[in-house]
Amino acid sequence: MYAHSGLTCWLRLPSSRGISLSLVQRPGLKAPATKSFKSPSKDLNVPIVQNITLSDAQYKKTQEYLLSLNEEQHKAALCSSPAVRVKAGPGSGKTRVVTARVAHLLSQGISSSGILVITFTNKASEELKERLGHLLGTNVAKDISTGTFHSVCARILRSYIEDLPGAKLKSDFTIFDRDDSDKVMRQVVDSFMGDTPAKEANKLAKEIVSAYSQMRNQHASLHDVKITSSHLDSCNSAAGLATKFRNLPNFFSEYTRLCRESNGLDFDDLLGVTVALLQKVPQAREELQQRWRHILVDEFQDTNSAQYHLVKLISPSSVSNGSVFVVGDPDQAIYEWRGANPENMENQFELDFKGCETMFLNCNYRSFAPILGAAEGVLSHGGMPKLHQPLMAVREGLGHVEHVHVEHEREEAGWVTSQIRQLKSKEGSKYEDIAVLYRTNLQSRSFEESLTSARIPFRVLGEKPFWQRSEIKDMTCYLRLTSNPSVDVVALNAIINTPSRGLGAKTLEKLQNVAEAQGVNLAQLLMGDMRKIPLLDKQTLEPLLAEVEMTKLLPDRTCDLLPDIGSTLSKEHQLKLNKEAIKGLKQLRALVLLARSTAYHRTVAGTVKVLELASGYRQSVEEGSQGDNAPKKLRNLDILHSVAGDPDSWASRDGDLRNTAKGFSSQDLISASGGTGRGLAEVEMLDGEERPLQSEPSPGMNSTAGGGVSGLGQLPWFLQHVSLMRELDELKDNAEAQQRVSLMTLHTSKGLEFRNVFFVGFEDGIVPLIRGQDEGARNLDEEKRLAYVGITRAMDRLYILTATKRSILGIPSQRKPATPSRYLKRLLLTGAGIKSTSTSSGQFSLHNNNDNDDNDNSPFRGRAKKEPSSRQGVRTVTSVGSAVKPGGFYDTRKENATITGTRGTGVSKGTTNFPIGTANVKKKASNGW
DNA sequence: GGGTTCGTAGTTTTT
DNA sequence: CTACGAACCC
Ligand SMILES: Nc1ncnc2c1ncn2[C@@H]1O[C@H](COP(=O)(O)OP(=O)(O)OP(=O)(O)O)[C@@H](O)[C@H]1O
């Protein structure tokens with residue numbers, strides 16, 4: 001055992017898997033008092049000095065990992081400057097350096113809660129933690145703060161937002177997704193321009209939301225700054241709207257007002273409000289600077305203004321021994337469209353962080369040289385980026401780069417499918433090492449179909465985010481209502497009549513009118529008394545829950561437990577509400593009470609279950625006319641429930657940052673109380689595996705300040721997890737389920753790597769993407785970088801696909817002639833000896849445009865290349881997707897192909913036919929086609 | 001108030 | 001082509 005002595009640590013209670021921490025239990029802590037979380041009583045914060053010990057194996061692993069770095073990497077990882085910037089190309093080991101640095105810091109005795117790593121996606125965070133877990137043990141790794149900017153901000157705000165003067169938000173705020181924002185803005189549009197037709201109003205609302213979002217991304221904290229015309233002008237979309245609507249800023253401020261009224265923050269608010277908080281509340285800033293002594297940011301080239309400011313604000317610059325460490329690659333900047341500014345990496349960092357040290361990594365460990373060559377070729381189109389540093393391929397061998405030209409999108413999918421089969425059978429590739437990359441999500445369709453009929457397992461990354469699926473969205477609205485019954489109007493509106501309970505448009509209008517007359521919103525009117533109504537006690541609750549589970553219905557008698565507000569309102573205001581409506585209201589209110597009580601006495605998972613059953617939602621999905629969708633939806637609901645049942649994955653790991661700022665984690669107390677509770681003789685009627693959460697002594701209060709001790713206080717954390725995690729359904733299934741081909745957009749592929757990459761739809765208009773009448777000359781550099789990112793995902797083999805004609809929507813009759821991408825020429829030229837084949841008898845030529853001229857915007861639908869007449873009657877492959885037979889069409893390709901490169905042996909130079917157009921393969925009359 | 005049928009728009013990338 | 005929304009009918 002290697003002991004690091006003199007290390008100050010704070011009390012930690014044992015976690016399920018932990019073993020290597022020796023614990024000193026402080027007396028008097030077994031039954032933590034709820035209230036002490038917000039303002040910690042002194043005795044909770046007594047430091048415990050103890051030794052963190054890494055096991056031999058862990059220590060050895062860490063050292064080995066550090067030794068595996070090359071000199072540049074090693075130097076970067078260990079650099080002790082207060083500000084470090086690592087600029088390095090794809091595959092140069094940036095991620096590895098970040099991991100190594102964290103490991104190094106920890107092995108130096110830095111406390112894990114003092115480290116913050118910001119990654120671009122949540123998945124990257126998880127992977128980082130996993131790797132660190134392997135090196136250092138889960139115990140040490142789990143306390144490192146990691147996450148995206150958004151999730152880190154959400155955590156900061158949960159602890160500090162109530163300190164921000166005028167924020168009008170509670171720490172149990174909900175996070176509004178884009179749909180919520182659109183709905184809120186729709187309300188604003190209605191109130192300002194009442195007579196706008198529904199459709200137009202929706203469209204306008206969306207436009208305004210995105211303009212506002214763009215503006216806030218470009219300007220760090222606009223949420224409370226007076227919006228000037230220069231703000232508007234700096235943002236295209238906003239400027240356009242502003243000329244149409246002179247009072248655009250009023251739309252923005254009314255939107256914000258409504259969000260606040262519902263205790264909601266949208267995605268951009270998470271960043272903007274955090275920035276404002278840190279600017280205005282020095283105490284918060286200082287505490288966080290104290291806490292996170294070492295900050296690491298991955299993919300720094302894609303940070304926007306608000307994110308950059310955030311880094312600046314929490315940087316422990318004033319703290320001795322602190323550091324800020326950012327890594328990125330300006331050539332891989334692909335998020336300018338949503339406000340990212342590569343300048344942050346390129347120049348700004350250097351200016352703001354005095355004494356910043358810059359490191360370069362110039363070796364590529366990922367790809368064979370020809371792949372790198374192809375990538376650099378693309379990048380050189382129209383001139384290399386100014387500060388581009390050439391990369392050296394470390395891996396020896398040539399790999400395989402091939403350009404394949406096909407007739408249309410269907411054949412494209414067919415070719416890829418058949419090639420995947422060959423890779424699997426002849427080259428021994430695993431499905432998980434194969435990826436299909438495309439520019440737009442729509443393009444995935446043909447591949448899904450083709451792979452399905454070939455029975456090749458695949459997964460589509462980045463389909464609809466989990467939280468956006470309607471059934472999940474609805475359930476989260478129920479949960480939001482449970483958490484914030486009298487506040488979250490948006491949630492209330494979403495589910496008030498879903499499933500239908502007699503509260504249709506007519507009734508709602510009546511109620512809305514009453515609300516307006518009283519100067520309140522619908523939630524206040526219908527749920528205003530909810531916080532005052534005492535929660536059900538256990539004796540009342542348990543039998544009700546049992547009944548819910550048995551009957552899958554809300555027990556009627558629950559309705560009698562609270563005032564019948566429907567009848568009262570109806571009488572007082574002569575609304576003439578019908579019986580259905582009154583009953584519906586009763587039920588909804590009873591449901592909320594039941595759910596709140598369940599959350600309080602039981603668990604989040606139990607609450608999810610109650611809501612899903614007693615609302616009748618589940619039943620309506622089961623019986624509804626959803627047809628094929630029903631099983632999928634039910635599965636999603638099950639996933640939601642099972643995630644809820646795994647608080648370890650979502651409960652605040654940092655607990656209340658106020659306390660943990662000094663190293664103490666309230667989450668430990670939660671697990672502790674959960675742990676002790678497990679032994680209690682409590683019957684879990686709704687879910688056997690659930691563990692009861694600690695209950696508060698005085699029911700009836702909405703625990704916001706408590707920071708997540710009662711089940712009710714946990715809800716916001718769970719909701720936050722759900723609304724920030726794109727792919728919750730990626731349950732770590734058995735190993736077999738992992739063996740799948742990956743389909744994703746170029747954007748999603750950032751940071752990943754695959755042995756075999758199919759880059760499909762490499763055509764002008766798609767790569768680069770040019771839509772219809774593009775607003776003038778959009779800067780296409782970002783599109784070029786996107787292609788660069790895609791190509792550099794490949795380790796061993798890269799296939800570039802182009803088609804003669806293509807229909808984006810997959811309708812054969814709507815196929816339009818396509819032209820190979822303007823980037824193709826340089827891709828092929830630079831990667832010497834690239835094989836190029838064509839499966840159709842059609843000729844194609846690289847279009848002859850000037851390299852330096854991106855203005856030749858030939859969209860793929862324009863500029864028809866002459867259609868080769870020879871194709872007449874060849875009437876190719878119509879059902880490529882299904883069985884591609886060995887020895888059939890696609891296999892014959894090989895015979896005629898000029899080169900057959902394989903991994904390691906590679907492509908020999910000089911044998912390629914250039915120009916490519918001549919490298920056709922004659923199509924043999926193949927059986928089966 | 002609820003369910004059906006018809007019409008139309010979507011064609012960028014995402015926390 | 002499909003998915004979603006808005007009339008339209010019961
Ligand atoms: N020193 C090294 N020795 C061996 N392999 C390495 C080394 N450094 C990096 N690699 C390997 O190179 C590949 C790319 O590394 P990594 O993902 O860290 O690169 P990156 O710079 O983050 O790439 P990108 O910018 O494309 O995301 C990984 O498979 C990694 O294991």
Side-chain angles (χ1 to χ4, degrees), chain A residues 118-125 147-154 175-178 181 197-200 202-203 210 213-214 216-217 265-271 299 302-304 306-307 333-340 437-443 445-446 449 461-465 467-468 470 497-509 577-581 584 620 624-626 629 720 723-727 744-750 761 765-774 778 782-783 785-787 789-790 806-814 816 859-861:
Chain A
I118 298 178
T119 58
F120 196 71
T121 61
N122 289 299
K123 210 164 118 217
S125 275
T148 60
F149 276 103
H150 288 87
S151 66
V152 170
C153 286
I175 297 168
F176 281 5
D177 66 19
R178 202 48 171 249
S181 297
K199 247 182 179 173
E200 220 173 289
N202 281 332
K203 213 178 132 203
S210 80
S213 166
Q214 194 102 62
R216 281 176 298 165
N217 281 324
L265 288 169
D266 66 24
F267 282 143
D268 306 304
D269 286 334
L270 287 178
L271 302 173
E299 309 281 12
D302 279 322
T303 50
N304 66 30
Q307 293 166 334
I334 54 174
Y335 282 93
E336 276 178 275
W337 57 269
R338 67 168 200 208
L437 308 183
Y438 37 79
R439 175 65 237 265
T440 68
N441 274 310
L442 257 81
Q443 290 168 265
R445 208 170 213 130
S446 54
E449 284 165 10
L461 276 78
E463 345 170 66
K464 240 185 185 184
W467 74 83
Q468 256 183 40
S470 63
N497 204 31
T498 316
S500 49
R501 48 171 74 84
L503 297 167
K506 281 261 169 63
T507 311
L508 282 185
E509 203 187 320
L577 296 185
N578 59 32
K579 262 195 266 167
E580 283 288 292
S620 80
S625 52
Q626 318 268 354
N629 282 334
Q720 171 176 322
S723 48
L724 293 177
M725 290 287 188
R726 224 190 137 69
E727 279 142 294
M744 72 192 90
T745 63
L746 296 169
H747 282 90
T748 309
S749 76
K750 182 164 89 155
I766 301 181
V767 180
L769 185 79
I770 295 160
R771 31 158 205 190
Q773 315 294 327
D774 228 68
R778 185 165 69 100
E782 182 151 301
E783 293 287 325
R785 293 194 293 266
L786 196 51
V789 168
R806 174 180 302 272
S807 149
I808 298 232
L809 300 173
I811 312 156
S813 63
Q814 283 181 27
K816 305 254 167 72
F860 65 99
R861 60 178 159 137

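Chain A is the first sequence line, chain B the second, and so forth, proteins listed ahead of strands; every chain is numbered from 1.
- Separating the CD1 atom of A:Ile770 from the C1' atom of B:dT13 is a distance of 15 Å, rounded to the nearest angstrom.
- One can place CG of A:Asn122 at 8 Å from P of B:dT15, the figure rounded to the nearest angstrom.
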Study note, to complete from the structure: Letter by letter from the 5' end, nucleotides 1-10 of chain C scores (B base, S sugar-phosphate only, - none; protein heavy atoms under 4.0 Å) BS---S----
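- Atoms CH2 (A:Trp467) and C1' (B:dT15) sit 7 Å apart, rounded to a whole Å.
- Across B:dG1, B:dT15, B:dT12, the shortest atom-to-atom separation from the side chain of A:Arg439 is found for B:dT12.
- Between A:Thr745 and B:dT14 there is a side-chain polar atom (N or O) within less than 4.0 angstrom of OP1 or OP2.
- The pair A:Lys203-A:Glu200 does not count as a salt bridge, with every side-chain nitrogen at least 4.0 angstrom from each carboxylate oxygen.
- B:dT14 atom C1' lies 14 Å from atom NZ of A:Lys123, rounded to whole Å.
- Comparing atom distances between the A:His747 side chain and each of B:dT13, B:dT15, B:dG1 picks out B:dT13 as nearest.
- Taking the side chain to side chain donor-acceptor pair (under 3.5 Å) definition, one finds that A:Glu299 meets it with A:Gln301, sequence neighbours left out.
- Backbone-only contact: A:Asn497 has heavy atoms under 4.0 Å from sugar-phosphate atoms and none from a base.
- Salt bridge annotation for A:Asp269-A:Arg216: present, with a cationic side-chain nitrogen under 4.0 angstrom from a carboxylate oxygen.
- What separates NZ of A:Lys750 from C1' of B:dT15 is a distance of 11 Å, to the nearest Å.
- Across all non-hydrogen atoms, the minimal contact from A:Leu437 to A:Ser749 is CD2-CB, 3.8 Å.
- Of the C1' atoms belonging to C:dC4 and B:dT13, the separation is 22 Å, rounded to the nearest Å.
- Heavy atoms of other residues, nucleotides or ligands lying less than 6.0 angstrom from CD of A:Glu336 number more than 12.
- The phosphate of B:dT14 has OP1 or OP2 within less than 4.0 Å of a side-chain N or O from A:Thr748.
- For the pair A:Asn441 and B:dT11, the criterion of a side-chain N or O lying under 4.0 Å from OP1 or OP2 is not met.
- Note: A:Trp467 and A:Phe267 have perpendicular aromatic rings, judged against thresholds of 30 and 60 degrees for the angle between ring planes.
- Straight-line distance from the CG atom of A:Asn304 to the C1' atom of B:dT15: 10 Å, rounded to whole Å.
- Rounded to an integer number of Å, the gap from A:Leu769 CG to B:dT13 C1' is 8 Å.
- For the pair A:Ala505 and A:Thr121, both in contact range of DNA chain B, the more 5′-proximal nearest nucleotide belongs to A:Ala505.
- The distance from the CG atom of A:Leu746 to the CD1 atom of A:Ile334 is 8.0 Å, given to the nearest 0.5 Å.
- Counting non-hydrogen atoms under 4.0 angstrom, A:Phe149 reaches nothing in the nucleic acid.
- Taking for each of A:Gly504 and A:Pro465 the nucleotide of DNA chain B with the nearest heavy atom, the 5'-most of the two is the partner of A:Gly504.
- A stacking contact links A:Trp337 to B:dT13: the aromatic ring centre lies within less than 5.5 Å of the base's six-membered ring centre, and the planes differ by less than 30°.
- Taking atom CD on A:Gln720 and atom P on B:dT15, their separation rounds to 15 Å, with Å as the unit.
- Annotation for A:Leu461 and A:Met744: closest pair CB-CB, 3.9 Å, computed over non-hydrogen atoms.
- Of the candidates B:dT15, B:dT13, B:dG1, the closest approach to any side-chain atom of A:Arg338 belongs to B:dT15.
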